[in-house]
Structures are given as structure tokens and as C-alpha cells.
Protein chains: 2
Amino acid sequence: MLSKSSKYAIKAVLFLALNSNDNEKVMVKDISGPINVPQAYIAKLLQELSRKNIISSSRGPKGGFYLSEDNRKQSIMSIVDVIEVEKNFNSCMLSLKECDENKPCPLHKILYPFKSSIIKNLRSISIKDLALEVELGNTFLPL
Amino acid sequence: MLSKSSKYAIKAVLFLALNSNDNEKVMVKDISGPINVPQAYIAKLLQELSRKNIISSSRGPKGGFYLSEDNRKQSIMSIVDVIEVEKNFNSCMLSLKECDENKPCPLHKILYPFKSSIIKNLRSISIKDLALEVELGNTFLPL
DNA sequence: TCTATAATATGACAAAAATCATATTTAAGA
DNA sequence: TCTTAAATATGATTTTTGTCATATTATAGA
Ligand code: FES
Ligand code: FES
């Protein structure tokens with residue numbers, strides 16, 4: 001469904017949404033523990049996200065990663081877009097490179113509607129939205 | 001979504017559904033070409049499926065793989081169950097091992113309904129069903 | 001301006017998934 | 001019964017994904 005990397009990235013971003021802002025930054029070493037992801041690995045992912053402006057960072061003392069207000073408005077899918085290497089999330093479920101409505105594979109009818117709904121959902125929901133649900137206690141950030 | 005192996009396996013089984021029966025068997029070397037999967041690789045997958053009685057086989061001259069009437073009644077999901085090594089298709093989309101309705105992760109509400117529908121669909125649809133759609137020209141077996 | 005502290009860049013290494021190779025077993029037909 | 005043709009079993013190799021290590025660069029604060 002989602003690669004490990006994507007999951008890690010989403011967890012980390014959500015953690016930042018809940019624990020950082022423009023003047024409260026979080027260092028990688030303080031992220032990896034709570035979200036239960038190896039430090040060196042999450043560091044790499046955060047760097048990628050930062051480079052693509054999904055999250056913000058500043059280096060040196062008092063530096064760290066954080067989410068600006070603008071960052072928070074972005075969709076969950078934008079995280080996946082950066083991390084997911086294969087765009088298998090967008091391709092045909094059997095073998096074709098791309099789905100072809102005119103020449104659908106046997107699984108298309110069954111699976112495609114779901115997949116496109118999932119993607120639409122992930123595009124329409126923002127980081128902020130998800131973080132809010134956690135703050136309200138409706139959903140839970142793991143472990 | 002689905003591993004390459006699962007996709008290959010589904011394609012191969014569908015090919016067998018369309019091109020074999022109890023007294024017309026197909027050899028691996030005649031399967032790999034049409035479905036566009038490396039021969040040695042699809043052989044391995046077919047062997048697994050055969051061992052788990054998803055498909056049938058007989059060896060020696062005139063041997064090969066084929067689908068019995070019983071085989072055809074099985075669901076598409078039963079193929080995936082055999083091939084998919086990680087049961088990531090059944091687990092939480094963020095980090096938990098299993099989904100926990102009482103302590104759902106932030107993505108649960110959005111993604112879980114879709115995922116469980118997909119699985120339900122794949123369980124309810126049989127090999128025969130899908131093959132028929134291809135025979136009717138409604139869907140297409142690739143390349 | 002110097003030092004310490006943080007991210008960044010780069011690449012090595014490990015584990016898992018996909019691919020390939022081959023010796024063994026089974027069965028049909030001469 | 002012998003030969004040949006097929007799947008089967010097993011494992012080696014390659015590629016991809018995930019993980020770890022470290023030298024470099026930027027910046028806050030003394
Ligand atoms: S054509 Fe295969 S999923 Fe659309
Ligand atoms: S708890 Fe994460 S998808 Fe259900």
C-alpha cells in the first residue's frame with residue numbers, strides 16, 4: 001500500500017505538526033524515538049522533505065525541523081509524492097504502465113475506483129487536518 | 001498495492017483460465033511469453049500456487065499447468081494470499097501491526113474503509129468471473 | 001571571529017524482493 | 001524398461017529498498 005519510507009515520513013511530519021512551529025524546532029534525535037524510526041533513516045527522509053519544501057528546517061545551534069503555517073496546509077499526498085520512489089501508487093494494478101480506460105485490465109473495474117478515491121482523499125486532506133484529529137483525541141499517533 | 005509477484009501470479013492464473021483445462025495443459029515456457037514475465041520466475045510462482053492447490057499441474061511429457069473446474073471457483077484473493085509474503089495488505093497503513101478500531105492511527109478513518117472493501121471484493125470474485133470478462137471482451141489481458 | 005551544534009550530502013552496508021540456474025523427480029510413450 | 005519431457009526443489013545472483021556512518025556546511029551565541 002504505502003512503502004515503509006512513506007509511512008515513516010507521514011509519522012514524522014505529523015509529529016512535527018504536533019510538536020513544532022516557527023520558533024520551536026525539533027531535532028532529529030528527538031523525533032526518531034517517539035515515532036519509533038531509526039534516527040539516521042528518518043534524518044534522510046526529513047532532509048528530502050525539507051529540500052522539497054514539505055517541511056522546514058534550519059541548521060546550527062537552536063536549529064531543527066519544524067512546520068510553518070504554509071507547510072501545514074499541504075496535503076498528505078504531497079508527502080507521499082516526495083518519498084515514494086516508484087509511482088506504483090498511480091499505475092495499473094496488473095501490468096500496464098498506466099491505466100487505460102479503453103483497454104482496462106481484468107482488475108481495473110474492481111480496483112481502480114477505490115484507488116482513485118484513496119488518492120483523491122490523500123490529496124484533499126491536509127497535514128493540519130490530520131494533526132487536529134490527533135489533538136482532539138479522535139486518532140492516535142503511534143508507537 | 002500488490003507486489004510484482006502477485007501481479008505476475010494473477011496474470012498467469014488468468015492466462016491458464018483462458019488457455020487450459022483438465023486435458024489441455026500449458027507448459028511454463030508457453031506461459032511466460034504471452035504474459036510477459038521471465039520464465040524461471042513465473043515457474044517458481046506457479047509451483048507455489050500448485051503446491052497450495054490454487055492451480056493444478058502434472059509432470060512428465062504431456063504435462064503442464066492447468067485449471068480444474070474447482071480451481072476456477074477460487075477467489076482472486078486466494079492467489080494473493082499464497083504469493084504475498086508480507087501480509088501488508090492486511091495490516092495498518094501507518095505503523096501498527098494490526099488495525100485497532102479503538103485506537104486508530106491518523107490514516108485509519110480515511111484509508112481503512114477502502115482497503116477492507118478492496119479485500120472483500122478480491123475475496124468475492126472468482127478466477128472464473130474475471131476470465132469470463134476477458135472472454136466477453138470487457139477487459140483485456142496484457143502485455 | 002571562534003566554537004559548538006545543528007542539518008546536509010554522500011555513499012557504504014544490510015535485508016528483502018525479484019530474477020536466474022540447475023540437479024532431481026515424475027510420468028508418457030516407444 | 002528406457003528415454004525424454006515436463007514440473008519440482010533448492011539455492012545462487014542481482015536489484016531494490018531500507019539502514020547506517022561520516023565528512024561537510026551553516027548558524028547561533030560567546
Ligand atoms: S488498467 Fe489495470 S488497473 Fe487500470
Ligand atoms: S490503525 Fe492504522 S490503518 Fe487502521
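A note on names: the letters A, B, ... follow the listed sequences, proteins ahead of strands, and every chain is numbered from 1. Given the structure is predicted, the values throughout are model-derived calculations rather than measurements.
- Summarising the geometry of B/Leu46 relative to B/Ala12, their closest heavy-atom pair is CD2-CB, 4.0 Å, with the distance given to 0.1 Å.
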Please list, one pair per line, the donor and acceptor atoms closer than 3.5 Å that link side chains of residues 126-136 of chain A to other protein atoms, with sequence neighbours excluded.
unit_1: A/Ser126; atom_1: OG; unit_2: A/Lys128; atom_2: N; d: 3.4
unit_1: A/Ser126; atom_1: OG; unit_2: A/Asp129; atom_2: N; d: 3.0
unit_1: A/Ser126; atom_1: OG; unit_2: A/Asp129; atom_2: OD1; d: 3.3
unit_1: A/Ser126; atom_1: OG; unit_2: A/Asp129; atom_2: OD2; d: 3.0
unit_1: A/Asp129; atom_1: OD2; unit_2: A/Ser126; atom_2: N; d: 2.9
unit_1: A/Glu133; atom_1: OE1; unit_2: A/Asn138; atom_2: ND2; d: 3.3

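- Note: CG (A/Leu2) to P (D/dT17) measures 14 Å, nearest angstrom.
- Nearest heavy atom pair, residue B/His108 against residue B/Pro113, reads O-CD, 3.6 Å.
- Contact check of residues 16-29 of chain A against DNA chain D (heavy atom, cut-off under 4.0 Å) returns no residues at all.
- For the pair B/Gln74 (side chain) and B/Ile54 (backbone), a donor-acceptor distance under 3.5 Å is present.
- Legend: ring pair (Phe, Tyr, Trp, His ring centres under 6.0 Å) pairs involving residues 24-78 of chain A, not counting sequence neighbours, sorted by first then second residue: A/Tyr8-A/Tyr41.
- Against DNA chain C, the stretch residues 64-76 of chain B makes no heavy-atom approach under 4.0 Å.
- Between A/Ser5 and the phosphate of D/dG18, there is a side-chain N or O to OP1/OP2 separation shorter than 4.0 Å.
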Please tabulate, one pair per line, each protein N/O and nucleotide N/O from nucleotides 11-14 of chain C that are separated by under 3.5 Å, including the distance.
unit_1: C/dG11; atom_1: O6; unit_2: A/Lys44; atom_2: NZ; d: 2.3

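- A/Gly63 and A/Met27 get closest at one heavy-atom pair: O-CG, 3.8 Å.
- Residues passing the salt bridge (Lys or Arg N to Asp or Glu O under 4.0 Å) test with B/Glu101, sequence neighbours excluded: none.
- Residues A/Ile119 and A/Met77 come closest through the heavy atom pair CG2-CE, 4.3 Å.
- The distance between atom OH of A/Tyr8 and atom P of D/dG18, rounded to the nearest whole Å, is 8 Å.
- Taking A/Ser57 as the reference, A/Ser50 meet the side-chain hydrogen bond (donor to acceptor under 3.5 Å, both in side chains) condition, with sequence neighbours excluded.
- Taking the side chain to side chain contact (heavy atoms under 4.5 Å, CB included) definition, one finds that B/Ser68 meets it with B/Asp22, B/Ser56, B/Asp70, B/Asn71, sequence neighbours left out.
- By the 4.5 Å heavy-atom criterion applied to side chains, B/Asn19 and B/Ile31 are not counted as neighbours.
- Regarding B/Ile42, its CD1 atom lies at a distance of 13 Å from the P atom of D/dT8, rounded to whole Å.
- For B/Pro38, counting side-chain heavy atoms from C-beta on, the closest listed nucleotide (C/dT19, C/dA21, D/dT19) is C/dT19.
- When every heavy atom of A/Val82 is checked against every heavy atom of A/Glu48, the shortest pair comes out as O-OE1, 3.9 Å.
- With contacts defined as side-chain heavy-atom distances shorter than 4.5 Å, the pair A/Phe114/B/Ser117 qualifies.
- Rounding to whole angstrom units, OH of residue B/Tyr41 and P of D/dT15 are separated by 15 Å.
- Residues from residues 45-53 of chain A that place a heavy atom under 4.0 Å from any atom of DNA chain D: there are none.
- B/Ser78 pairs by the side-chain hydrogen bond (donor to acceptor under 3.5 Å, both in side chains) definition with nothing, not counting sequence neighbours.
- Not counting sequence neighbours, A/Lys120 has no partner by the salt bridge (Lys or Arg N to Asp or Glu O under 4.0 Å) test.
- A/Ser6 places no side-chain N or O within 3.5 Å of a backbone atom of A/Ile83 that could act as its donor or acceptor partner.
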Self-check item: Heavy-atom protein contacts under 4.0 Å, nucleotides 24-30 of chain C, coded B base, S sugar-phosphate only, - none
Solution: -BBBBS-
